[in-house]
Amino acid sequence: MTTQQTVPHTDVVIIGAGIGGLTLALALRERGIQATLLERTSELREVGAAVALSANATNLYHRYGVYDALDEVSWPQTDLVFRDGRTGATLARTPVGESYKERFGADYWGIHRAELQRVLSGAVGMDSIRLSHKVTGLREEDDRVLIDLADGSQLSAGVVVGADGARSIVRKWIVGHDDAIYSGRSGFRGIVPTEQLTELPDPRAIQFWVGPTGHLLHYAIGGQGEDVNFLAVTRTPAQWTAQDWVVAAEDREKFAAFAGWHPAVTQMVGAVDIDQRWALMRRPPLRTWHRGRVVLLGDAAHALVPHHGQGANQSIEDTYVLAEELARGDLNNPTAAFEAYEARRKLRTRGVQFASWQVAEALQVPDGPEADARNAAMAETDFIEDKLAWIHGYDPTVDQGLRPGALVG
Ligand SMILES: Cc1cc2nc3c(=O)[nH]c(=O)nc-3n(C[C@H](O)[C@H](O)[C@H](O)COP(=O)(O)OP(=O)(O)OC[C@H]3O[C@@H](n4cnc5c(N)ncnc54)[C@H](O)[C@@H]3O)c2cc1C
């Protein structure tokens, strides 16, 4: 027999207590709306190492009251550096540090995901988070949404937000099928104590080491920059045939793309035993982010490849706009609020999505004239002003009047 659970305080249910879901709960609370989060895992333990958070997102944590707590466990990057992966030659360097904070009003943090989740869930309060609540399906009935859970029970809500990540079940319910596309690249991730990286120049900077077969991105994390988080991206395998997006890997696979690279690269990648390979998947832009009383947020709406480091940041931007529109609108009839939210967020997130796809191409070009032209252009570029200000300097609290009708795709 199906049992019916009740949601206390509120009718807003957020599916997924990840970065987006937890931040949305804080954004809603700031506006007097209490939400209940349903999380499939039995404890809030983030997988996947660390995350870099830029000012377009970190500024919002001032507003949500957790900036100082997060700042304590984060490292503000000193510089943004691009290097030739094999020679180590500097291709471009832009200071980040204090000038970044002055320019954008908040830091560019490297933070351990577990720390981020600890601070956010502490601020939300565990009484609002239901662990071991895996959602298996949704149904609309009268003016309610019926949420099926893996244990056979059922829950009813007036407004449902699908913040359930890149493999969102809520997205599938809205789109009707799974629309993920393998990007042709996969990655290995790891965290290494900074003191072990004796070959690494600029250990407290965010750096890209580029080459024809792959690239390595790393940045410092922790309150003292005591660890370095890396993502090593390769152009293999050509096809992704596994059902899972994270598969078992042999430790030696990580070296294939980086043989003969600079010792800083091989030392970093060699410092940890790798047993997983992550598929980097693309999601095509969605025509609509909502259906009835259900709306998408974060990766569920617009999962990105991670080459601009913007997936979490875009989820956090979403939270402000969705909370504002829900508070402005009518929770009993949320369609207008959903439409306003979607209109404000679609063009922005599509632009960042497209830019993220292009970055991988620029980081992995064949040797020869194409690489020479790329390197010459890089030397002339102020990466913060010329390439990143439109992303990191974006203020989601201002309705910029951007409407998706202008964009093809
Ligand atoms: C290799 C890699 C590196 C990255 N680096 C960066 C970076 O440096 N900066 C950046 O901004 N982004 C980065 N990203 C992207 C970032 O991780 C995501 O964009 C971000 O986590 C999205 O947040 P979210 O809340 O939308 O989803 P998630 O953080 O994935 O949270 C989804 C939550 O929903 C839960 N859930 C899922 N299904 C269900 C269900 N059926 N029922 C209940 N709960 C469910 C999950 O357990 C999870 O807690 C990276 C991604 C990858 C793959």
Side-chain angles (χ1 to χ4, degrees), residues 13-25 36-58 74 77 108-114 116-117 120-121 129-138 147-151 155 160-173 183 185-190 206 208 217-219 221 229-234 245-246 276-283 296-319 322 349 352-353 356 360 391-392:
V13 164
I14 302 169
I15 301 176
I19 299 169
L22 289 169
T23 306
L24 177 65
T36 298
L37 289 118
L38 308 180
E39 170 55 47
R40 69 177 167 189
T41 56
S42 58
E43 55 179 321
L44 288 181
R45 190 170 39 87
E46 256 288 2
V47 289
V51 70
L53 297 181
S54 47
N56 47 316
T58 54
S74 302
Q77 306 305 307
Y108 188 8
W109 286 330
I111 183 168
H112 200 293
R113 284 178 191 249
L116 177 59
Q117 207 151 26
L120 295 179
S121 59
I129 305 171
R130 296 189 181 185
L131 299 172
S132 303
H133 276 56
K134 181 179 178 183
V135 174
T136 54
L138 299 173
I147 304 169
D148 294 322
L149 298 168
D151 65 1
L155 203 139
V160 172
V161 182
D164 51 339
R167 303 209 77 176
S168 168
I169 190 173
V170 183
R171 179 184 177 107
K172 201 170 166 188
W173 183 75
S183 71
R185 290 178 173 82
S186 66
F188 304 100
R189 310 168 84 173
I206 180 164
F208 288 87
L217 158 68
H218 63 82
Y219 47 87
I221 61 171
N229 174 74
F230 74 79
L231 171 64
V233 178
T234 76
W245 291 10
V246 182
Q276 288 181 329
R277 182 192 282 268
W278 292 62
L280 302 179
M281 307 298 267
R282 291 166 63 144
R283 288 275 188 193
L296 300 173
L297 176 135
D299 270 10
H302 46 66
L304 307 172
V305 284
H307 311 304
H308 249 311
Q310 276 297 312
N313 292 295
Q314 293 306 305
S315 302
I316 296 164
E317 282 187 14
D318 284 350
T319 66
L322 181 56
T349 52
V352 180
Q353 253 183 330
S356 303
I391 299 178
H392 294 207

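Whatever order the structure lists them in is the order used to number ligands and atoms, beginning at 1. Residue indices begin at 1 and follow the sequence shown.
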First locate atom [atom1] of [X], then atom [atom2] of [Y], and finally report the distance between them rounded to the nearest 0.5 Å.
{"X": "Gln353", "Y": "His308", "atom1": "CD", "atom2": "NE2", "answer": "12.5 Å"}
{"X": "Leu22", "Y": "Leu116", "atom1": "CG", "atom2": "CG", "answer": "8.0 Å"}
{"X": "Leu231", "Y": "Phe208", "atom1": "CG", "atom2": "CZ", "answer": "9.0 Å"}
{"X": "Leu120", "Y": "Leu24", "atom1": "CG", "atom2": "CG", "answer": "11.5 Å"}
{"X": "Leu304", "Y": "Thr349", "atom1": "CG", "atom2": "OG1", "answer": "8.0 Å"}

*Would you check if Val51 and Ile221 make a side-chain contact, meaning some heavy-atom pair closer than 4.5 Å?*
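Counting from C-beta outward, Val51 and Ile221 never come under 4.5 Å.
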*asked:* Quick one, Leu149 and Leu155 - any side-chain contact, counting heavy atoms below 4.5 Å?
replied: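 Yes, their side chains come closer than 4.5 Å.
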*Determine, considering heavy atoms only, which of Ser315, Ala163, Gly16 sits nearest to atom 32 (C) of ligand 1.*
Ala163
*Counting heavy atoms only, which of Gly18, Gly165, Gly137, Ala301 comes nearest to atom 30 (O) of ligand 1?*
Gly165
*asked:* Taking side-chain hydrogen bond (donor to acceptor under 3.5 Å, both in side chains) as the definition, give me every residue that meets it alongside Thr23, ordered by chain and number, with sequence neighbours left out.
replied: Tyr61
*Could you pull out all residues at least two apart from Gln310 that satisfy side-chain hydrogen bond (donor to acceptor under 3.5 Å, both in side chains)?*
Ser54, Asn56, Gln314
Below 3.5 angstrom, do we get any N/O pair linking [X] and ligand 1?
{"X": "Gly298", "result": "no"}
{"X": "Glu39", "result": "yes"}
{"X": "Ala312", "result": "yes"}
{"X": "Trp278", "result": "no"}
{"X": "Ala52", "result": "yes"}
{"X": "Val135", "result": "yes"}
{"X": "Ile15", "result": "no"}

*Is the backbone N or O of Ile111 less than 3.5 Å from a side-chain atom of Ser74, with the two atoms forming a donor-acceptor pair by type?*
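Checked: no pair found.
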List every atom of ligand 1 that sits less than 4.0 Å from any heavy atom of [X], numbering the atoms from 1 in the order shown and giving each element.
{"X": "Leu38", "answer": "43 (C), 44 (N)"}
{"X": "His133", "answer": "42 (N), 43 (C)"}
{"X": "Tyr219", "answer": "8 (O)"}
{"X": "Gly20", "answer": "24 (P), 25 (O)"}
{"X": "Ile169", "answer": "41 (N)"}
{"X": "Lys134", "answer": "42 (N)"}

_Counting only heavy atoms closer than 4.0 Å, does ligand 1 sit against the backbone of Leu231, its side chain, both, or neither?_
side chain
*ligand 1 contact on Asp299 by region, counting heavy-atom pairs under 4.0 Å*: both
Measuring from non-hydrogen atoms of [X] to any atom of ligand 1, is the shortest distance under 4.0 Å?
{"X": "Gly187", "value": "no"}
{"X": "Arg167", "value": "no"}
{"X": "Arg113", "value": "yes"}

_Looking at every heavy atom in both His218 and Phe230, which two are closest together, and how far apart are they?_
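Heavy atoms of His218 and Phe230 come nearest at CB-CB, 3.9 Å.
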*asked:* Using every non-hydrogen atom in the two residues, find where Gly162 and Val170 come nearest and quote the distance to one decimal.
replied: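 Closest approach of Gly162 to Val170: CA-CG2, 3.8 Å.
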